[in-house]
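Heads up, the thing below is written out as structure tokens.
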2 protein chains.
Amino acid sequence: MTIDPSDIKRICRDNGLRLTAPRKIIVETLLEATDHPDAVELHRRVTTISPRIALSTVYRTLVALSEKGVLEKHNFGNGPARFETVDREHHDHLIDVVSGNVIEFRSGEIERLQEEIARQHGYEIVSHKLEIYVRPAKRRRSKISAARHRRQSAK
Amino acid sequence: MTIDPSDIKRICRDNGLRLTAPRKIIVETLLEATDHPDAVELHRRVTTISPRIALSTVYRTLVALSEKGVLEKHNFGNGPARFETVDREHHDHLIDVVSGNVIEFRSGEIERLQEEIARQHGYEIVSHKLEIYVRPAKRRRSKISAARHRRQSAK
DNA sequence: TTCAGTGCAAAACTTTTGCAGTGAG
DNA sequence: CTCACTGCAAAAGTTTTGCACTGAA
């Protein structure tokens, strides 16, 4: 399900969009991103490659591709909308409200319970969105984040 | 758990906030609202009562009371943030994409799993948002929605 | 009396749009 | 050749902030 940069041409064609140079760079940059950049941050990155790309072009590209379902637009908390390519399996998000970091996770058990709830009400699920807003725990640190902390402190 | 206008004074006192005339009108107006107004709409309503209340006062009040947990701030889709008083127990939402109906539900089990996920990553939960987008199931209809369906068809 | 809260104006921030020119199909 | 797309600038929309004044506690 992963999107390869070589797929961009096909994706545009399939959606009736022209593959222009700015658009190619914007999508490639978003594919490379492991975080969930907002439009301004993405613009900052693409302009290191091609300095004349306008912020409005970034916005227009993000709007167009979100509408086609190629990208997902997230409204986490207050700030600007943040984007990611739909290139992996479905996942939900932990949002660290202190740092703004977003951590992806997946819980088959929660999804099973959602199915159950929907069924109990006579529905079937079309899609869902689960966002857990968190802050670093006071007492303990998990093995996962402890490892991340060591890595970051090591630089 | 419902908030009565007479509780506003106590709510402010308990949270270390002064009960001013603008603040009282703003909270009363939000309590009356059955929708989820944004700041501008709320300002429009309060100024019909007291025309000199500033939009910035509405924002500051909404920010202050959201931080205290008296209000909930929602970022639905793109537009401005929308607010509601926290006068019932926490709930999540099933959104029927066909009819637009919103059904509130609560799952202690899902919330417990969320706690677990956050803890595993070294975080504690600040808040969460779960929206399940659904459509009526093909085969069966639950007792709950069958009863609702009869009620709505009866009019 | 004190300082949290206010109104007003201006700024900051996010996103959209008008327009004339360009290049993908 | 067309017109979808672009860069630029300006506008629109949302939220925050500086400041001097007011009034709740």
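By convention in this document, chain letters (A, B, ...) are assigned in the order of the sequence lines, proteins followed by strands, and residues within each chain are numbered from 1.
- The phosphate of D:dT15 has OP1 or OP2 within less than 4.0 Å of a side-chain N or O from B:Tyr59.
- Between D:dA25 and B:Arg13, no contact under 4.0 Å exists linking OP1 or OP2 to a side-chain N or O.
- In this model, the phosphate group of C:dT6 is approached by a side-chain N or O of B:Arg23 to a distance below 4.0 Å at OP1 or OP2.
- Rounded to an integer number of Å, the gap from B:Glu67 CD to C:dG5 P is 11 Å.
- Across the interface with DNA chain C, nearest-nucleotide mapping of A:Gly79 and B:Ile26 shows B:Ile26 to be the residue nearer the 5′ end.
- The side chain to side chain contact (heavy atoms under 4.5 Å, CB included) with B:Lys68 is formed by just one residue from the set B:Ile11, B:Val63, B:Leu17, B:Val86; it is B:Leu17.
- As a whole-Å value, the separation of B:Ile8 CD1 from D:dA24 C1' is 16 Å.
- Taking atom CG on B:Leu17 and atom P on C:dT6, their separation rounds to 10 Å, with Å as the unit.
- Whole-Å rounding puts the B:Arg44 CZ to D:dT14 P distance at 14 Å.
- In summary, the side chains of B:Glu116 and B:His121 do not present any donor paired with an acceptor at a separation below 3.5 Å, with no hydrogens or angles considered.
- We find that CZ of A:Phe83 is positioned 7 Å from P of C:dT15, with the value rounded to whole Å.
- Atom-to-atom, CD1 of A:Ile25 to P of C:dG23 comes out at 14 Å; the value is rounded to the nearest Å.
- Note on B:Val63: only backbone sugar-phosphate atoms sit closer than 4.0 angstrom, heavy atoms only; bases stay farther off.
- Comparing B:Leu55 and B:Leu19 against DNA chain D, the residue whose closest nucleotide sits nearer the 5' end is B:Leu55.
- For A:Lys24 and C:dG23, the NZ to C1' distance is 16 Å, given to the nearest whole Å.
- Between B:Lys68 atom NZ and C:dA4 atom C1' there is a gap of 12 Å when expressed in whole angstrom units.
- Residue order along DNA chain D, read from the 5' end via each residue's closest nucleotide, puts B:Ser56 first among B:Lys9 and B:Ser56.
- In summary, the aromatic rings of A:Phe76 and A:His74 are positioned with their centroids under 6.0 Å apart.
- Using a 4.5 Å cut-off between side-chain heavy atoms of Ile, Leu, Val, Met, Phe, Trp and Tyr, with links allowed through other members, A:Ile95 and A:Ile110 fall into different hydrophobic clusters.
- For D:dT6, the OP1/OP2 oxygens have a side-chain nitrogen or oxygen of A:Thr20 closer than 4.0 Å.
- With hydrogens and angles ignored, no donor-acceptor pair closer than 3.5 Å exists between the side chain of A:Thr61 and the base of D:dC5.
- Remark: the A:Arg60 side chain and the D:dG7 base include a donor-acceptor N/O pair separated by less than 3.5 Å.
- B:Arg18 comes within 4.0 angstrom of a nucleotide base, judged by non-hydrogen atoms across all strands.
- When heavy atoms are screened at a 4.0 angstrom cut-off, A:Ala81 is found touching the sugar-phosphate backbone but no base atom.
- With salt bridges taken as basic N to acidic carboxylate O contacts below 4.0 Å, none links A:Glu115 and A:Arg112.
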